[in-house]
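Everything numeric in this text was worked out from a predicted model, so none of it was measured. Note that these values count all heavy atoms, side chains included, but never hydrogens, waters or copies made by symmetry.
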Amino acid sequence: MDCFDFSRPWNYSDLVVLCQSGVTFHAHKCVLSMWSDTLASEISERIAEGETKTSHMELEAYRHNPEDMREFLEAIYPPNKPINDSNVLLLLRMANELESWCLHKQCEDYLLSKASSLELLLLAEKWKLVRLQEACMEFASSVDETSLETNVAFRQLSVDTRLQVYRQKVLLARNKLENMFGR
């Protein structure tokens, strides 16, 4: 896939993002503002401080390493680099740090295409992926207790989530019994 060269000015780029080690990326205020609430806020603050809407602006993003920022930019700029197993966790982290809720949703959509698992339930809990958590809860409630208790990911879940799984297992068992005995 041909992605843009963010290392130099291009197509009316009007923003420079400064990352760790002084690495810079040339981007567009309007694109970053559409994709990131955090960056939109920073850009708005800079404009309010007197930088005109047409000026070349610099944003400091020193907490981000250049490889992560490039991955983020390639995911949000057309032709939008696809989300895959090798970048989904990085993009989820970047989406959360930069409040990029559209990218967050796209990462969740990708993960929903995978087979439900206890590992995905843990991931859903960590990144607050509600739809994925619901799908994985259904799966988790079908796993036998011995497998649950010996699964590393299950043991790392919060107590509340583990209790939810057990509650759902009880409800399923009750429904099964009611169906068997005609109640």
message = Tell me whether Q106 contacts the main-chain N or O of I83 through its side chain, where contact means a donor paired with an acceptor under 3.5 Å.
response = no
ask   = Would the number of heavy atoms belonging to other residues, nucleotides or ligands and lying under 6.0 Å from CD of E138 be above 12?
value = no
ask   = What do you reckon, are the aromatic ring centroids of F4 and H26 less than 6.0 Å apart?
value = no
ask   = With hydrophobic residues grouped by side-chain heavy-atom distances under 4.5 Å, do F154 and L132 end up in a single group?
value = no
ask   = When you check the side-chain N and O atoms of D5 and W10, is any donor under 3.5 Å from an acceptor?
value = no
query = Pick one: which of R93, E97, R70 meets side-chain hydrogen bond (donor to acceptor under 3.5 Å, both in side chains) with H64?
reply = E97
request  = I would like to know whether L90 and F72 meet side-chain contact (heavy atoms from CB on, under 4.5 Å); could you show each step before the answer?
outcome  = CA-CA 8 Å; L90 177 144; F72 173 75; 5.8 Å; no
message = Applying a strict under-4.5 Å side-chain criterion to I, L, V, M, F, W and Y, I'd like to know whether M137 and Y166 cluster together.
response = yes
message = Quick one, D85 and K114 - any side-chain contact, counting heavy atoms below 4.5 Å?
response = yes
inquiry  = Would the distance check show the side chain of T150 and the main-chain N or O of T146 forming a donor-acceptor pair, the cut-off being under 3.5 Å?
reply    = yes
message = With heavy-atom distances below 4.5 Å as the criterion, would you say the side chains of L120 and L129 are in contact?
response = no
ask   = More than 12 foreign heavy atoms under 6.0 Å from CZ of R155: is that the case here?
value = yes
inquiry  = When you measure from the side chain of N96 to the backbone of L92, do you find a donor-acceptor pair of N or O atoms at a distance under 3.5 Å?
reply    = yes
Heavy-atom donor-acceptor pair, S41 side chain to T38 backbone, under 3.5 Å = no
request  = Please answer whether the main-chain N or O of V16 pairs with a side-chain N or O of T24 as donor and acceptor at a distance below 3.5 Å.
outcome  = no
query = Between W35 and H104, does the ring centroid distance fall short of 6.0 Å?
reply = no
ask   = Cluster question for you: counting only ILVMFWY and a side-chain heavy-atom cut-off of under 4.5 Å, with indirect links fine, are I47 and V31 together?
value = yes
task = For the pair E74 (side chain) and N80 (backbone), establish whether a donor and an acceptor sit closer than 3.5 Å, ignoring hydrogens and angles.
result = no
query = Backbone N or O of P9 within a donor-acceptor pair of the S13 side chain at under 3.5 Å?
reply = no
key: Reported OG-to-CD distance for the pair S44 and E49, which is rounded to 0.5 angstrom   = 11.0 Å
query = Just by distance, do the side chain of E58 and the backbone of L18 share a donor-acceptor pair under 3.5 Å?
reply = no
message = Has N179 got a side-chain atom pairing as donor or acceptor with N175's backbone, closer than 3.5 angstrom?
response = yes
ask   = From N87 CG over to E71 CD, what is the distance, rounded to the nearest 0.5 angstrom?
value = 4.5 Å
task = For the residue pair N84 and Y110, confirm or rule out a side-chain donor-acceptor distance under 3.5 Å.
result = no
key: Shared hydrophobic cluster, V170 / L121 (ILVMFWY, side-chain heavy atoms < 4.5 Å)   = no
message = With a sphere of 6.0 Å drawn around NZ of K169, does it hold more than 12 non-hydrogen atoms of other residues, nucleotides or ligands?
response = yes
